Every structure is written in structure tokens, then in C-alpha cells.
Amino acid sequence: MAIQKPSIPKGTRDFSPQEVVKRNFIFDTIKAVFRKYGYQEIQTPTMENLDTLTGKYGEEGDQLIFKILNSGDYLSKLNLDQLQTTTSKTLTPRISEKALRYDLTVPFARFVVMHQNEINLPFKRFQIQPVWRADRPQKGRYREFYQCDADVVGSESLLNEAEFVLIYQEALSNLGLKDFTIKINNRKILSGIAEIIGKPELIVDMTVAIDKLEKIGLDGVVKELLEKGFRESDIEKLKPIIELSGSNEAKIQSLKSVLSSSTTGLKGIEEIEKIFNYTEQLQIEDSKLKTLQLELDITLARGLNYYTGAIFEVKSNEVAMGSIGGGGRYDDLTGMFGLKDLTGVGISFGADRIYDVMEELQLFPDNAGESTRVLISNFDETAETYALPLLSALRRNGVAAELYPTAAKLKKQLSYADAKKISYVILIGSEEMESGLLSLKNMQSGEQQKLDIAAIIQLLNS
RNA sequence: GUGGUUGUAGCUCAGUUGGUUAGAGCACUAGAUUGUGGUUCUAGGGGUCGUGGGUUCGAGCCCCAUCAUCCACCCCA
């Protein structure tokens, strides 16, 4: 076989030991906050049945799902004569029954429906697992990435929404992020706006267009709205709404008058107000937490079409990066799996983007790299034999220890310890074996002292 | 799906209007130092210049194609 240069698929990454330490720091921090708010962890399979996933993310989303080819001769059951008239859309379900999960929310909905008799409502779960999207990779965008989701189903209370705001604030603060904005909106407000304009059927096009306000400016949004079938007069009505500015309170007041004739719109505003209220009352004085930056942003839309109430998005203000988190309320996610009238709300942290932000801001604690605490040198066979019981004694007492596996040059062994950031090295030669006092070298200071094994264990455990 | 960027050592990159044997730093190996790492000094290994074709006496450099890459758009975490 010809030698091939190894590579990994586009948009995927290897993680070195140092990177895994940092990534675990992120996961552990987020998990701790989730647990503190009463969420329990679940896991679901890497692959789902294809029909579980299709149709949940819109047409574009469906194209980004990684499909898994059926096992065996996947063409054998096909009538090949039909291939001429077959499109990839109709062919796909016949040669692929499984797909890699695209997010954690839909698998969760599936989980809830399948286990509805075992779980008790309201069910609060969190889940940290990789997801896959057949997207084109670019900055902050990968084909395999981790999502950290928390969702609650079976509770209409807006207390859940408010708590998610606090979870974002607490988790991101604990990670060391200093300046980030939690944006909130409500799908009902967007529906109300579309209603007022008299174009309720164009709500999706409308939200997609105004979502881009920050990026392409008002002129760009107007241009896109015209292309989508809005008239000048519609846009005149829309302009004052999307240009809304000022405090959250001011925005709410103007929206109330603009949307006064839309019951849906008013309901959305009421929900937002209630969430603000809850967060104010739940805010605890904690000097470690950054000031809550919660902003009502009615241009916030988010593509996923299953949201029906609150919508969240979190952005770092320190680094140019897409959103590092998002979520919202969905009233009927389990409906498509046959379980009606179950409402849910959830959020997601983009761990990989948070990693990139933290790396750029150098927020990782630098002591995170230590693995082995002590290395025992290996001079020769006699010393090795002498060292073996010491090695297991160290480990028995909870000290991460290793014995250099060959009698290499000491220089090489110390270099190994240095490269692996091992704090201590025990040197065992003929003199040490005779006296029982081992030379313990501190790799940071370079100092050496002679101690017996009990004293060493005590020192390393302190 | 659309537009652009960049492909030279393990990594980051130089490489003159096209001209002999393609370089540097870092990393690696060895020695200076037979039981002492990080600093220093010395030496060494490592390249089909992304791939294929073309122009030319001659191509890392020019032209075409192709693949990969990164960035932006779309969309999204």
C-alpha cells in the first residue's frame, strides 16, 4: 500500500492533552452551574434515525445534516432503472436511514417522548455532547463541535427563562469573560409586528432580514425586504420599530403603543416584562459576577423555526465572534413526535467558540497543565527493581507517579519530566538504595533533599 | 451554493526582473557535561517547493488546470 499523508476531515480537530485540560475546564464550569440550578445530565446516541432529524431545521438545515450510508450493499434494493428519474432528495432516504445529530434539542425532544412515562415534569436536563453540521468551516465554525444544552420541558413558567439568563451570566462570569451581552427577544413580538404590517405570512422573511440590521445597516435591510415582497408602505411602518433604541424600559413602552392592536404582540411584551422582573428579583449581590447586561433586542430572530416565545442570544463584546450561546422557548417540539401540549425552553453554550474567545483573551488558568506529580528516575535494573514498590506506594497514597520505563540517560529523563511539567523527580542510585533516603528534586527551584519514602509521600500530598 | 486568500522542512515563514547545490527561527537528535532538566555553545538529520500539465536553454518564481487551506457571504454554536 502506498504511503499516504494522514489528514482529518475538514472542520474537525484533534485535541492535545493541554487543550483537553482547557476544554474540560469549560465543561466542568458550565456543568457545575447547570447542576446548581437543578438540571440533570443525560446523553443520547451520536446517530439518530434520519427521519427524526429531517424537517426540524428548515430546508437549509436539512442539507447540513451528515447522513450515514446504509450498511452492506446499499444499492441492492434499489431499482437502478429508476435512478434516471430519481433526485437526491428522494434517493437519500432510500440509501440512508441514520444521521449524525445536528443539535441536542431535537434528540432531547425525542428522548422526552420515548421516556415520557419515566420522567416527571417539569423535567430539567442538561447535555454536553458533540454535534455535526456539514457546513463550510470558517472562523469559529466547525463541522464537529460541542454544545452544552440545558432545557426544561413541562413548565410554562417564565421563571425558567429568567433562570437561564442567570445561568448564562454565572457560567460565563465563572469562566472569566468580562464583557458579554445577553440579548433577549420574543417570537410573539415579531409575530405582532408582522401582524401590524399586515404581512403575517412573511414573518420569516421579515425576521431574517431585520436580524441582519447590525451587519448590513438599515438600507441593506430595506433592500432585502423589498426583494422579499414587502411594499414601501410596509417598510415605513416597520422602520420606527426596528430602529428602536434606548433602555429596555423605553423600548417596552414604545412597543406597547405600536403593538396595541395585536394581542399576540402584547402577550410577547408582557412575557418579556415578567422575565425582566424575575431576573431583577433573583439577582444576588455577588462581587465575583459581572454586571448583568440583559438587552431587549427586537432585531434578534434566530433561524430555528421552532421557537415560539422567548429567544436568547449571547455575544462577547471583547472578541469578534459569532454568538457563543443561544436558545429559546418552543411550545410544540414534541408535537411532531406525537406528544402534544408540552412546552419547553432551553439554552445552549457554544463551547468551541467560548474556547476560542478565552484563548484570544488568555483567560485559561496556567496551572491547569500538571498531570504527573512525581517521576522516579531509572538508572539500571537494580534501581528499577528497588523503585517498583515505591512507585506503588506513591500511587496507593494518591500521588500521580510514574517510573521512567528505561534506564536512559538522566539528562533525557529530566528533560522528559520538564517537558511534561512534572513537579518532582526522585533520584535513586546506589547511595540512596543503601541508606533508604531518596533524593527528591524540586523541578521548579532545582533544590534537592534526601528524604525517606514516607516523608516524600507526606510532602507530595500536602 | 457564491466570492476571495494562501499552499516552500514537523511548526511559523523568507526566497531578488526566471539563473549553479532552496534558506532562517523554533522543534528534533547528538556532543560540550560518565548522576542533574529549563539557559548557552557546536554539529547533525530532515524538502519530489500541494499535484498535473505548459512556456523556456533553464521554473520555487510566469501561464493553465486541479486539489487542499483559510477568510467573507448564505446560514449558524
Side-chain angles (χ1 to χ4, degrees), chain A residues 3-12 16 26 30 57-65 101-105 128-149 168 172 204 207-209 211-212 215-216 220 224 300-305 311-316 320-328 346-357 375 377-380 383 404 407-433 438-448 450:
Chain A
I3 295 168
Q4 52 173 344
K5 214 175 177 179
S7 63
I8 55 174
K10 194 194 309 206
T12 66
S16 67
I26 294 178
I30 293 173
Y57 310 105
E59 200 154 322
E60 258 188 270
D62 283 356
Q63 291 174 347
L64 299 180
I65 295 171
R101 62 167 170 260
Y102 178 90
D103 70 357
L104 301 179
T105 307
I128 297 181
Q129 288 188 281
V131 302
W132 292 267
R133 295 186 188 176
D135 223 348
R136 270 224 191 146
Q138 54 184 273
K139 189 178 181 183
R141 177 177 299 188
Y142 307 98
R143 288 186 148 180
E144 177 185 67
F145 62 97
Y146 276 71
Q147 285 192 330
C148 314
D149 275 29
Y168 270 135
L172 294 175
V204 172
T207 53
V208 167
D211 188 42
K212 294 176 193 159
K215 202 174 264 177
I216 61 179
E224 182 158 337
L300 173 62
R302 295 183 57 79
L304 295 178
N305 49 16
I311 310 172
F312 302 107
E313 185 163 288
V314 187
K315 278 196 154 171
S316 164
M321 177 73 67
S323 65
I324 54 177
I347 56 165
S348 179
F349 286 84
D352 299 83
R353 285 189 178 172
I354 291 171
Y355 182 99
D356 291 348
V357 168
L375 174 78
S377 71
N378 187 338
F379 288 144
D380 52 37
Y404 199 85
K409 283 187 180 169
L410 186 58
K411 176 189 169 82
K412 193 164 182 173
Q413 302 190 29
L414 287 169
S415 294
Y416 172 81
D418 189 50
K420 210 168 162 182
K421 293 192 166 59
I422 298 174
S423 315
Y424 292 93
V425 174
I426 295 174
L427 302 163
I428 301 175
S430 51
E431 194 187 315
E432 283 86 354
M433 284 188 274
L438 314 174
S439 297
L440 180 72
K441 182 180 174 74
N442 179 324
M443 291 297 280
Q444 257 128 51
S445 63
E447 283 166 15
Q448 240 169 270
K450 296 215 162 184

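In what follows, every heavy atom counts, from backbone to side chain, and hydrogens, waters and symmetry copies are set aside. Here the structure is a predicted model, which is why all the values come from computation and not from measurement.
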>> Side chain of A:Ser430, heavy atoms from C-beta onward: which of B:G35, B:A72, B:G37 has the nearest atom to it?
In response: B:G35
> With sequence neighbours excluded, what pairs up with A:Thr105 under the side-chain contact (heavy atoms from CB on, under 4.5 Å) test?
Replying inline: A:Asp103, A:Asp149, A:Asp151, A:Tyr306, A:Tyr330, A:Leu333
> When you measure from the side chain of A:Arg136, which nucleotide among B:C74, B:G1, B:G31 comes out closest?
Replying inline: B:G1
> Of all the choices, B:U36, B:A30, B:C75, which nucleotide is nearest to the side chain of A:Lys412 once you look at every atom?
Replying inline: B:A30
>> By nearest atom, which of the nucleotides B:G37, B:G35, B:A77 is closest to the A:Arg133 side chain?
In response: B:A77
> Taking the C1' atom of each, how far is B:U56 from B:G18, in whole Å?
Replying inline: 9 Å
>> Under 4.0 Å, counting only non-hydrogen atoms across every strand here, what does A:Gly446 touch: a base, just sugar-phosphate, or nothing?
In response: base
> A:Asp418 side chain: which of B:G38, B:A77, B:G35 is closest?
Replying inline: B:G38
>> Does B:U69 have OP1 or OP2 under 4.0 Å away from a side-chain N or O of A:Lys10?
In response: yes
>> Less than 4.0 angstrom between a side-chain N/O of A:Lys212 and OP1 or OP2 of B:C75, yes or no?
In response: yes
> Can you find a side chain N or O atom of A:Gln138 that sits less than 4.0 Å from OP1 or OP2 on B:A72?
Replying inline: yes
> Is the phosphate of B:G38, meaning OP1 or OP2, less than 4.0 Å from a side-chain N or O of A:Lys420?
Replying inline: no
>> Using a heavy-atom cut-off of 4.0 Å across all strands, would you classify A:Lys409 as base, sugar-phosphate, or nothing?
In response: sugar-phosphate
